[in-house]
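What follows is a short report on a single structure.
In what follows, chains are A, B, ... by sequence order, proteins preceding strands, each numbered from 1. Computed from a predicted structure; not experimentally measured.
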Amino acid sequence: MSASPTASERRILLAAVGSGAHIAVDLDAADVEVGREHLSARDLAGWVAEAEERDAPRWIIRSARETYAPLLAEGIRLGRTHDLLLCHAILRDTASVPQPLEPSENWVRRDAPDAEPGLFDLFESDARVDTVVEALAQYRAQRHVIAAASDGRLALLCAAESAGGLVAEEMRAAGVPWNEGVHHEILTRTLGARSLAGGLPAKMLALGDQVRTILGDATLHLDSQPKLLRALHRAGVPVESTSKWELAQYEHPVVEPLLEYKKMSRLLSANGWVWLAEWVHRGRFRPVYIPGGVVTGRWASAGGGALQLPRSLRPAVRADPGWMLVVADVAQLEPRMLAAMASDAAMARAAQGRDLYAGVVDSGAVATREEAKYAVLGAMYGATTGDSGRLVPRLRKVYPRAMALVDAAARTGEDGGVVSTWLGRSSPKPSAEWAALQSAATGADVDPVVVTQARRRARDWGRFTRNFVVQGTAAEWSLIWLAEIRHRLRGMPTAATPAKASGPFADAAHLAFFLHDEVILHVPAELADAAADAVREAAAIATTRLFGSFPIDVPLDLRVTESAEK
DNA sequence: AGAAGTTGCGCG
DNA sequence: AAAGCGCGCAACTTCT
């Protein structure tokens, strides 16, 4: 991935003009009209494939979701893009340049995540005066803003974000290799045999009866929070909620079976047989990823709960015969980013090696690894009370630079200001309602209740901006990591044994899963070691791209395995 | 009846 | 209200 288009880079704008037809514009042609190509739905895939093969251009597209998914279905892969929707979201709000991009409703991603363009959308795009002219204007406006950031950070961010858009679609097309048999076994082992009549599985039935007996209410409906709460009170368990952390505080015979029941209930409703039938088809789980779906730049997901897969189901992620998984994650990515962002040499020293928390203990700041963990998390999340809040000041002594960075971000937020990640993604402004509350709380003769409330809301927003800079920069590291992994996999030979699934990744090593600081690759066995090297190299590149020569360790836990089970 | 809000829990 | 960030989803309750 290059940070910005080079002089020799060919750029082609690809704009949908309705009914699958597109217009391609070679932006480097002397005359834009000359470089303009009308493509029917039939011609599109072939033309794109040929251009990709010949020039490996950077494709300027409205969004990977809209443009790339149909191409992938035809077996066509794109190398590089500039994703106008994703970049619009970054550039319209960036505080990295004096003049951010003029926001435009036409370039805001629709919220409905997997909504196919409906009648209305088609009507809209057909009715548009000239999709191509509009896209071209938007692209030029974006390039202008990117160029205004002379350090190249926005260019890097936009390139990485666009690559992320491609990865998301490719992972959806490829899917996570999922062994339905293993999943079924886990369900049966944990919950008992599935009821044919659509009732609860055997173990849950028995456990539910046990709980009802202990609570002395034979007809109690355990899924109703208010009813369960009243039954607990009657049985002498004075909890204020039915949450597991609170229940766990009490010594009562009902606690253990109830917690067990709740755990089972969760597994059944979130990832039970119904989920399996709906989301896994022919050995692949295909979640919908939404790059940049979180304010901080992290990815969100829609449908399938891709980002909440319980660890207990990991064993169901299985490589196809003749293939392997490369499973890699970064331990404590966020504090490592913080150390580098702040150029905090002491914290970077603690981050040397696999366990940052052990390094914090070695620095003398705290006594145990557990304390180090709470202190570091508290520093990034803005803890003020409890064990965590108590430990944070100790870090302030040992890592003053790192702490100054997050403290400043919090202060900016409390004052209603905007903070930015390392590459320049900026936090949203607080709501008008928030601002109104703050001004209502200033001045003489203000109701102390209002003042207290305003202070609390200000601190809430400060904790958000404090975390924003760290979480957002970690998301940027991960994005570059992903893009670099993808880049390296593209250069690898095809598989000796095809995978079970058809499609563009049936014979090619590919990314299969991504979760904030973790990736799973599905690769032909003979390429597994090379793929593992690619993952390591990509991580090293990500670190260098962001922080240059600043010495920060970002070690990977990496396994080449047939099963994602830990 | 269906929308909107609440609770609780999975993930980082 | 898990002492402290960011999410998505299901099931239930309450509002309209």
Short N-O contact, [X] and [Y], less than 4.0 angstrom:
X	Y	value
Glu414(A)	Arg459(A)	no
Lys227(A)	Asp217(A)	no
Arg486(A)	Glu169(A)	no
Arg314(A)	Glu518(A)	yes
Arg457(A)	Glu433(A)	yes
Asp557(A)	Arg354(A)	yes

If you count heavy atoms of other groups shown closer than 6.0 angstrom to NZ of Lys262(A), is the number above 12? yes
Keeping [X] on the side-chain end and [Y] on the backbone end, is there a donor-acceptor pair under 3.5 Å?
X	Y	answer
Thr94(A)	Gly424(A)	yes
Arg369(A)	Val361(A)	no
Arg318(A)	Pro177(A)	no

Which pairs count as ring pair (Phe, Tyr, Trp, His ring centres under 6.0 Å) when at least one residue sits in residues 377-426 of chain A, sequence neighbours excluded?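 Only Trp422(A)-Phe547(A) qualify under ring pair (Phe, Tyr, Trp, His ring centres under 6.0 Å).
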Would you call the rings of His183(A) and Trp275(A) parallel, tilted or perpendicular, where under 30° means parallel and over 60° means perpendicular? tilted
With under 30° as parallel and over 60° as perpendicular, where do the rings of Trp461(A) and Trp434(A) fit, or are they tilted in between?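 Aromatic pair Trp461(A)/Trp434(A) classed tilted.
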Sequence neighbours excluded and cut-off under 3.5 Å, please list the side-chain donor-acceptor pairs for residues 448-456 of chain A, or say none.
unit_1	atom_1	unit_2	atom_2	d
Thr452(A)	OG1	Pro448(A)	O	2.8

How far does the [atom1] atom of [N] sit from the matching atom of [M], given to the nearest Å?
N	M	atom1	answer
dT7(B)	dA2(C)	P	10 Å
dT6(B)	dA3(C)	C1'	22 Å
dG4(C)	dG12(B)	P	22 Å

In what stems does DNA chain C take part, counting only runs of at least 3 consecutive Watson-Crick or G-U pairs whose two distances fall under 3.5 Å? B:1-12 with C:5-16
Output the residues of [range] in contact with DNA chain C, where contact means a heavy atom of the residue under 4.0 Å from an atom of the strand; sort by number or write none.
range	value
residues 202-233 of chain A	His221(A), Asp223(A), Ser224(A), Pro226(A)
residues 465-478 of chain A	Asn467(A), Gln471(A)
residues 255-274 of chain A	Arg266(A), Ser269(A)

Calculate, to the nearest 0.5 Å, the distance between atoms OG and CG belonging to Ser195(A) and Leu205(A) respectively.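 Taking OG in Ser195(A) and CG in Leu205(A), the distance rounds to 7.0 Å.
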What distance do Leu489(A) atom CG and Leu511(A) atom CG have between them, rounded to the nearest 0.5 Å?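 Result: 5.5 Å between the selected atoms.
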Is there a donor and acceptor pair closer than 3.5 Å between the side chain of Arg311(A) and the base of dG10(B)? no
Passing option when Val254(A) is tested against Leu215(A), Leu259(A), Leu247(A) for side-chain contact (heavy atoms from CB on, under 4.5 Å):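 Of the listed options, the one satisfying the test is Leu215(A).
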Within residues 376-411 of chain A: residues closer than 4.0 Å to DNA chain B (heavy atoms): none
With the threshold set at under 4.0 Å for non-hydrogen atoms, list the residues of residues 239-250 of chain A touching DNA chain B in residue-number order. Ser241(A), Thr242(A), Ser243(A), Lys244(A)
Checking Thr385(A) now: which residues fulfil side chain to side chain donor-acceptor pair (under 3.5 Å) with it, not counting sequence neighbours?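 Thr385(A): no side chain to side chain donor-acceptor pair (under 3.5 Å) contacts found.
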Could you tell me which residues satisfy salt bridge (Lys or Arg N to Asp or Glu O under 4.0 Å) with Arg92(A), sequence neighbours excluded, listed by chain and number?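 Listed in chain order: nothing, the list is empty.
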Return the set of residues passing side chain to side chain contact (heavy atoms under 4.5 Å, CB included) with Leu391(A) (not counting sequence neighbours), or none when no residue passes.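 Only Val366(A), Glu371(A), Tyr374(A), Ala375(A), Arg394(A) meet the side chain to side chain contact (heavy atoms under 4.5 Å, CB included) criterion with Leu391(A).
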Identify the 5'-most and 3'-most nucleotides of DNA chain C with at least one atom closer than 4.0 Å to a non-hydrogen atom of chain A.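 The protein-touched segment is dA2(C) to dT13(C).
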